[in-house]
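The next block holds one structure in the form of C-alpha cells; read it before the comments.
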Amino acid sequence: MITVPLSALEVAMVQAGAGAADTLRDTTEFARRLEDLGYLRLWYAEHHHSPAIGAFPPVVLTAHAAALTSSIRLGSGGVLAPNHAPIMLAEQFGTLSALHAGRIDLGIGRGPGTFDDSTARALRRGAGPTTDDEYRDDVSSTLRLLVDEVALSPLPEPWLLSSSAAGAALAAELGLPIAFAHHIRPDNTLAALDHYRERFSPSRWCARPRVLICVETVCAETDEEAARLAGPMDVVKAGLLKGRGDIPFPTPEEAAAHSFTAEEARVLTRFRAHQAHGSPETVAKHLTDLTGADELMLVTPVYALADRLRSYELVKRHVMEEHRADGRRS
C-alpha cells in the first residue's frame, strides 16, 4: 500500500481531431477534479512546437488553475531555465506565491522543451545549448533574486528537476528538493538519487534530502484496458526514437492499428516495465517498488480526459491509503 503523498504532472496532450482550446478546457477541469480527489500538487510542463503537446506556459496555467482552486499546490514541472531570464522567473513565481500563499511551486529544469533545433534557438534568441556552468548560474540567480530582489512573501517552494546524475549533483549542492524524471529515464533513477542523498547539503530551502519521483501511470479496470489507453503515447514515443517530435497524439483506435518495428516494440516494452501501467493491483505493485521516494508524481498521457481522470481516481481509491495532502515543507 502506498502511504506517501501523490501528485500529478500535466503535459497537456493535444488530441487528434481536437484543438488547443479543447486541451485548455480539459486542463481546467483536470485541476478541479485533482483537487477534489485529494492530490497534493499539480505541475505543468513546458513544451514547444509539438503537435502532440500544447505549448502552454507553465506560469500561465498555474495562475489560471490557482484562481479556480483553493487547496491543491500548483506550479511548474518545470519551467526550463535556458529559455527564461532568471529575473523573470523570480518575478513571475514570486508574484504567484504572494497571491496564492502556501500553494505555489517553482520546479526548474534544463532541457529546451522541444525536439526542433530552430525552435530551441529561437527560445534562446540564437544562443546555443546551455553549459553546465550556465545552468547552475541560472538556477542560483533565480533563487537569489527571489529572496533579494523580488522579496515577496511567502516564497514559492523551489524544486530542481532532473533525469541524470548531473542534475542530482546540482540539486544536492544547492540543497534543493529533487523531482526525478523516472518517466523519461528510468535507468538513471537509483544511481542518481543515491548520489543526491549522499552529497546533499542543507540549505534555507530544504533541511534534508527530499525526493519526488515522477512515474508514467495508466490505471484502468484491467491490464488490457490500460494497455489500450497507453497506446497513443507509445506511437508518440516511437516517433521520438527516430528523432521525430512531429508525431500527432492519435486516438486509441489509430494507435491499435499502428505497426511498430521490432526494435521499437523492444524499447517500449522495456520502458513500460519501469512504469505503472495496468489494473489497480498491477499499478500498486509498480508504485510500491518506488516507495523510497518522499512523494510520487503521476503522469498519465492518455487520449480522453475521462479516461485520464478515471486513472487518477482508481489510484487514489484503490492503490494508496488516505494521506493528508498538507503541503508540508522541509
Side-chain angles (χ1 to χ4, degrees), residues 1-13 15 26-45 65 69 71-75 77 105 107 159 179-184 186 189 210-234 237 249 252 268 271-328:
M1 191 70 72
I2 306 299
T3 58
V4 299
L6 291 183
S7 296
L9 175 65
E10 170 69 273
V11 291
M13 307 303 296
Q15 303 167 2
D26 285 352
T27 64
T28 300
E29 178 63 16
F30 184 63
R32 289 175 172 143
R33 290 290 294 120
L34 262 286
E35 180 171 74
D36 291 342
L37 288 170
Y39 279 78
L40 173 60
R41 70 181 91 235
L42 171 59
W43 284 355
Y44 299 99
T69 56
S71 60
I72 191 169
R73 294 193 66 96
L74 298 156
D105 301 327
W159 291 74
F180 198 84
H182 183 82
H183 67 300
I184 297 175
T189 304
R210 187 174 171 196
V211 172
L212 178 155
I213 295 178
C214 187
V215 55
E216 187 174 289
T217 305
V218 180
C219 190
E221 277 73 8
T222 66
D223 290 349
E224 294 75 18
E225 176 63 6
R228 187 185 76 86
L229 295 177
M233 194 60 190
D234 282 346
K237 289 172 186 168
F249 194 63
L268 291 169
F271 174 83
R272 283 194 298 270
H274 294 283
Q275 307 303 317
H277 292 192
S279 67
E281 294 76 18
T282 302
V283 167
K285 180 181 183 303
H286 286 295
L287 292 182
T288 300
D289 291 341
L290 295 171
T291 51
D294 299 296
E295 183 176 337
L296 294 176
M297 177 167 278
L298 315 183
V299 57
T300 304
V302 301
Y303 183 81
L305 176 63
D307 291 326
R308 191 153 56 108
L309 287 171
R310 180 62 174 158
S311 178
Y312 282 95
E313 180 183 4
L314 288 171
V315 172
K316 186 74 166 89
R317 180 181 298 173
H318 297 292
V319 175
M320 72 172 293
E321 295 176 351
E322 288 300 318
H323 189 104
R324 187 168 64 91
D326 58 3
R328 62 200 170 105

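Since we're looking at a predicted model, the values are computed, not measured.
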Sidechain-backbone polar pair: H286 side chain, Q275 backbone, donor-acceptor under 3.5 Å: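 It does hold such a pair.
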
Worked check of side-chain contact (heavy atoms from CB on, under 4.5 Å) between E216 and K237: CA-CA 13 Å; E216 187 174 289; K237 289 172 186 168; 2.8 Å; yes

Between [Y] and [X], is there a side-chain heavy-atom distance shorter than 4.5 Å?
{"X": "Y39", "Y": "V315", "answer": "yes"}
{"X": "H183", "Y": "L9", "answer": "yes"}
{"X": "M297", "Y": "L40", "answer": "no"}
{"X": "M233", "Y": "Y303", "answer": "no"}
{"X": "L74", "Y": "Y44", "answer": "yes"}
{"X": "L42", "Y": "T69", "answer": "no"}
{"X": "L309", "Y": "L34", "answer": "yes"}

Salt bridge flag under 4.0 Å for residues E225 and R228: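 Yes, this pair counts.
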
Lys/Arg-Asp/Glu bridge criterion (N-O < 4.0 Å) met for D105, R73: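 A salt bridge links D105 with R73.
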
Which atom pair, heavy atoms only, marks the closest approach of [X] to [Y]?
{"X": "V11", "Y": "A45", "value": "CG1-CB, 4.2 Å"}
{"X": "D223", "Y": "S279", "value": "OD1-N, 2.8 Å"}
{"X": "Y312", "Y": "L298", "value": "OH-O, 2.7 Å"}
{"X": "A276", "Y": "V283", "value": "O-CG2, 3.7 Å"}
{"X": "A220", "Y": "A226", "value": "CB-N, 3.7 Å"}
{"X": "W43", "Y": "A179", "value": "CZ3-CB, 3.7 Å"}

Contacts of F271 that satisfy ring pair (Phe, Tyr, Trp, His ring centres under 6.0 Å) - sequence neighbours left out: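 Here no residue qualifies.
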
Cationic tip of R308 above F30 ring, under 6.0 Å, 45° of axis: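 Judged by the rule (NZ or CZ under 6.0 Å from the ring centre, within 45° of its axis), R308 counts as positioned above F30.
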
Residues forming a side chain to side chain contact (heavy atoms under 4.5 Å, CB included) with A12, sequence neighbours excluded: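 With sequence neighbours excluded, A12 shows a side chain to side chain contact (heavy atoms under 4.5 Å, CB included) to E10, T23, T27, F56, given in chain and number order.
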
Verdict with reasoning, R32 to E35, per salt bridge (charged side-chain N to carboxylate O under 4.0 Å, His left out): CA-CA 5 Å; R32 289 175 172 143; E35 180 171 74; over 6 Å; no

Aromatic plane relationship, H182 with H274 - under 30° parallel, 30 to 60° tilted, over 60° perpendicular: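 Aromatic pair H274/H182 classed perpendicular.
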
